[in-house]
Asks: 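Quick one: this structure, given as structure tokens, is what I'll be asking you about.
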2 protein chains.
Amino acid sequence: MQKGNSAYIKNMNKKLVLKCIRDHEPISRSEISKRIHMSKPSVSLLVENLIQEGWVLETGTGESTISGGRKPVQLVFNPKSFYVIGVDIGGTKVSSGITCLNGHIYAYREFATKDYLEKDILERLYEDVNRMVEELHLTDHDIMGMGIGVPGVTNVKEGIVVDAPSMKWRNFPIRERVSQNFSFPVFVENDVNTSVLGEQWLGAGKSLENIIYIAVGTGIGSGMILNGKLFRGSSYSAGEMGYLVTDARKAKDYQPTIEGYGFLESIASGTSIGKRLSSLKSEHVTAKEAFELRRQGDKDAIEIVDSAIEHLGFGIANYISLFDPELVIIGGGVSGSFEEYEQTISKIIDEFTPKSCQVVPSTFGREAGVVGAVALFLKENESVIQI
Amino acid sequence: MQKGNSAYIKNMNKKLVLKCIRDHEPISRSEISKRIHMSKPSVSLLVENLIQEGWVLETGTGESTISGGRKPVQLVFNPKSFYVIGVDIGGTKVSSGITCLNGHIYAYREFATKDYLEKDILERLYEDVNRMVEELHLTDHDIMGMGIGVPGVTNVKEGIVVDAPSMKWRNFPIRERVSQNFSFPVFVENDVNTSVLGEQWLGAGKSLENIIYIAVGTGIGSGMILNGKLFRGSSYSAGEMGYLVTDARKAKDYQPTIEGYGFLESIASGTSIGKRLSSLKSEHVTAKEAFELRRQGDKDAIEIVDSAIEHLGFGIANYISLFDPELVIIGGGVSGSFEEYEQTISKIIDEFTPKSCQVVPSTFGREAGVVGAVALFLKENESVIQI
DNA sequence: TAGTTAGTTAGAACAACTTACTAACTATTT
DNA sequence: AAATAGTTAGTAAGTTGTTCTAACTAACTA
């Protein structure tokens, strides 16, 4: 529970006014007052504050109404009052970018993860960020903070990567390390969670309250926004969709705790599709090739890929039955083949969930990670602007 | 977003002070001031308010510290400042009760659902409530409000039962109807959800932030508390665990949308256990008898019941993988046979979830529904006391 | 009687509110 | 074209309500 005092309430109302401006710009003081049911003097004072702090700009006058009267002064949100740095650390590449408060990317960089040894990754990241900052002629004061997405379980509160196998990080205090180089606040989060935050901020899940994001690639992971907030579970490991069991009989021959990854992953992830087809064909086949072979009518490929899709479909249906979301977003490596998935999955969902639900592919391309990381920052950071 | 003013903040702080008293009673004004970092005059004022409104009582003086000083005045929460009515409407019986603010039941009544036709149920409920109120010599002013648990999908905001097959209710505006008889506020909620609220308030899930409650009986339903709040989904139908698919191959021969109830329900609910064994034995067998037969070593019963338990286990494991809860509570008709479930289910959970989780039976007996409904009221009602 | 702690009183600070004002515009009348 | 009435935007002055600090009184121990 929270203790309130005058500062708390002023901040609260300032946020409310700013949100109103962001949602309805251009807007006048007078209209804000009507919309949020706050007295005109109070609105004027708060707007004055917001203008002085740079969040809001006056952009000339608007038109009078038909019945006459003084023309209103138009107020707009200033997305360039501050900039945010988004970082996406992945198993194959580390991408970083700088965006304004509307999520527009003004600078972007990436490098291959494997080229940098464990210790060098953050060093290289530091260089990339500095170069981008210079490029945009920004000072430390212009930067609000940084969000980082990491491919593993993350203790968000402490800023520690609990376990990220692909990075070989275990209980790695990444926030502490990164913070040493910068003066602004840094937030860290699992990359699937940053993805769903990005989708809710600017993507397919815009302004929805309950969405699920499923990433199918090397493994199968998921993140969810429930009641408008990221849900992390009691130990930061909610959404482990790869562990879903969709075939109880088959599951008896499989033990995730021993194999190291989940049942559904062992059937439906990109990696396992490749593996399974490879062993059937006795030659090395990737997931991408498996999809290609399937298109060509290869019987083995059809069997493997179709069963993968089917099981994924049941996994998603189960997810929907439990969560009743407004939208399911599919991302990750295989989201490129979304059209091939779609029908089968939608059919399973329609048949096996109490209340159906739309499934769409993820909105973003290369910049997904950066946008998500920025969304994370803006969601977590206590400020007058909040998404 | 919320607009703040001085009344809002005072109410907020009043809640905080009351919570502090409830959590640490008996406690002095001075200690509250230290605990919640609020000035002594402010605490005194708020406490004065709370005393006048009846929430708090002074109970004499405590002891001075070793270093001397004036003795503190002890403050305690007054659980009898108001009473709350809890109602549990079920397919077999309708139970109602009156509790104090600590959940102690002072009056209880129930009647068989089938004895009262559709229209008469609320009439009879009205009579029961009135008799209990008289019994306890309460006036309208002593009653804070009423919570109602219903066996079906409920639109909580509007107070409408969207669909409750066992009551033959469809879009039934129950809150409106009940409110006609009473002057206090009424809240309605699905019965599984009230159960989990009850467990979080006073039962196995006390003060936990993420818990799942699973009711296995006629069907299979579930409710969940996530981040300390009841999660209802985007259309009040989250937690439809009965629809989980735990055997993709078998599922192909089954269509929940046609059959009317979910896949897991068709295997693991009490009803279906009875049904399946009945058809195998060509005689009518109930779920209870099936369990009994299994204990006696009947082969058919063992097969049917064990597969039911197993599938339920996988369903729970899936639930846990997605939610990462602190606790899973099993309730409903079969929670009596919990010991027989426990081992199998725990083993499946240990093997098939990324991070294990404790499973316990539900705490309450007959009064479960009433306590849950009261918990619902106290959770939903905007007041200075909030659970 | 000195030292300590509990609780209250007095008044300052602050934020939102109401009321009444000025500023600036439209539309209509002269 | 000028004057005027009516309307809307925004500001100023003063009130209210809440928390805070500082200083007080009350009540206790040693």
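A, B, ... follow the sequence lines: proteins, then strands. Residue 1 opens every chain. Only this structure's heavy atoms are used, side chains among them; waters, hydrogens and symmetry mates stay out.
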Asks: Nearest whole angstrom, please: distance from the P of C/dA15 to the CG of A/Leu16.
Replies: 16 Å
Asks: Heavy atoms from C-beta onward define the side chain here; which of D/dG10, C/dA16, D/dT19 lies closest to that of A/Ile9?
Replies: C/dA16
Asks: Could you state the atom-to-atom distance from CD1 of B/Ile36 to P of D/dC20 in whole Å?
Replies: 9 Å
Asks: State whether the side chain of A/Asn78 and the backbone N or O of A/Gly54 hold a donor-acceptor pair below 3.5 Å, judged by distance alone.
Replies: yes
Asks: Under 4.0 Å between a side-chain N/O of B/Lys34 and OP1 or OP2 of C/dA6, yes or no?
Replies: yes
Asks: Is the distance from OP1 or OP2 of D/dA9 to the nearest side-chain N or O of A/Ser30 less than 4.0 Å?
Replies: yes
Asks: Is a salt bridge present between B/Lys14 and B/Glu53, judged by a nitrogen-to-oxygen distance below 4.0 Å?
Replies: yes
Asks: Summarise how protein sits on nucleotides 21-30 of chain D as a single string, 5' to 3': B when a protein heavy atom is under 4.0 Å from the base, S for sugar-phosphate-only contact, - for no contact.
Replies: BB---BBBSS
Asks: Between D/dT19 and B/Asn13, is there an OP1 or OP2 to side-chain N/O distance shorter than 4.0 Å?
Replies: yes
Asks: Stems in DNA chain D: runs of 3 or more consecutive Watson-Crick or G-U pairs, distances under 3.5 Å?
Replies: C:1-30 with D:1-30
Asks: Atom CG of A/Leu45 and atom C1' of C/dT18: how far apart are they, to the nearest Å?
Replies: 16 Å
Asks: When we call it a touch if two heavy atoms are under 4.0 Å apart, what does B/Lys3 touch: a base, just sugar-phosphate, or nothing?
Replies: sugar-phosphate
Asks: Could A/Arg232 and A/Glu380 be called an ion pair, given the rule that one side-chain N must be under 4.0 Å from one carboxylate O?
Replies: yes
Asks: We want to know whether A/Ser234 and B/Glu209 form a side-chain donor-acceptor pair, criterion being a heavy-atom distance below 3.5 angstrom.
Replies: no
Asks: Please tell me if B/Ser6 has a side-chain N or O lying less than 4.0 Å from either OP1 or OP2 of C/dA16.
Replies: no
Asks: What nucleic acid atoms does A/Val73 come within less than 4.0 Å of, heavy atoms only: base, sugar-phosphate, or nothing?
Replies: sugar-phosphate
Asks: How long is the line joining CD of A/Gln74 and C1' of D/dA9, in whole Å?
Replies: 12 Å
Asks: Establish, from distance only, whether the side-chain atoms of A/Asn155 and A/Tyr236 form a donor-acceptor pair under 3.5 Å.
Replies: yes
Asks: I want to confirm an ordering. Mapping A/Pro72 and A/Asn5 to their closest nucleotides on DNA chain D, which one lands closer to the 5' end?
Replies: A/Pro72
Asks: In whole angstroms, how far is the C1' atom of C/dT8 from the CZ atom of B/Arg29?
Replies: 10 Å
Asks: Tell me: CD of B/Glu58 to P of C/dT8, nearest whole Å?
Replies: 8 Å
Asks: Considering every strand and a 4.0 Å limit on heavy-atom distances, what is the contact class for B/Lys14: base, sugar-phosphate, or nothing?
Replies: nothing
Asks: Starting at atom NZ of B/Lys10, determine the distance to atom C1' of C/dA16, rounded to an integer number of angstrom.
Replies: 16 Å
Asks: Return the value, rounded to whole Å, for the distance between atom CE of B/Met12 and atom P of D/dT19.
Replies: 11 Å
Asks: State whether the number of non-hydrogen atoms from other residues, nucleotides or ligands found under 6.0 Å of A/Lys206 atom NZ is greater than 12.
Replies: no
Asks: Just checking, is any N or O donor in the side chain of A/Ser235 or B/Asp324 under 3.5 Å from an acceptor N or O on the other one?
Replies: yes
Asks: I need the B/Asn193 CG to B/Phe231 CZ distance, nearest 0.5 Å.
Replies: 10.5 Å
Asks: Got A/Phe77 and A/Ile385 here, is their nearest side-chain heavy-atom distance under 4.5 Å?
Replies: yes
Asks: Going by distance alone, is a donor N or O of one side chain under 3.5 Å from an acceptor N or O of the other, for B/Ser30 and B/Ser28?
Replies: no
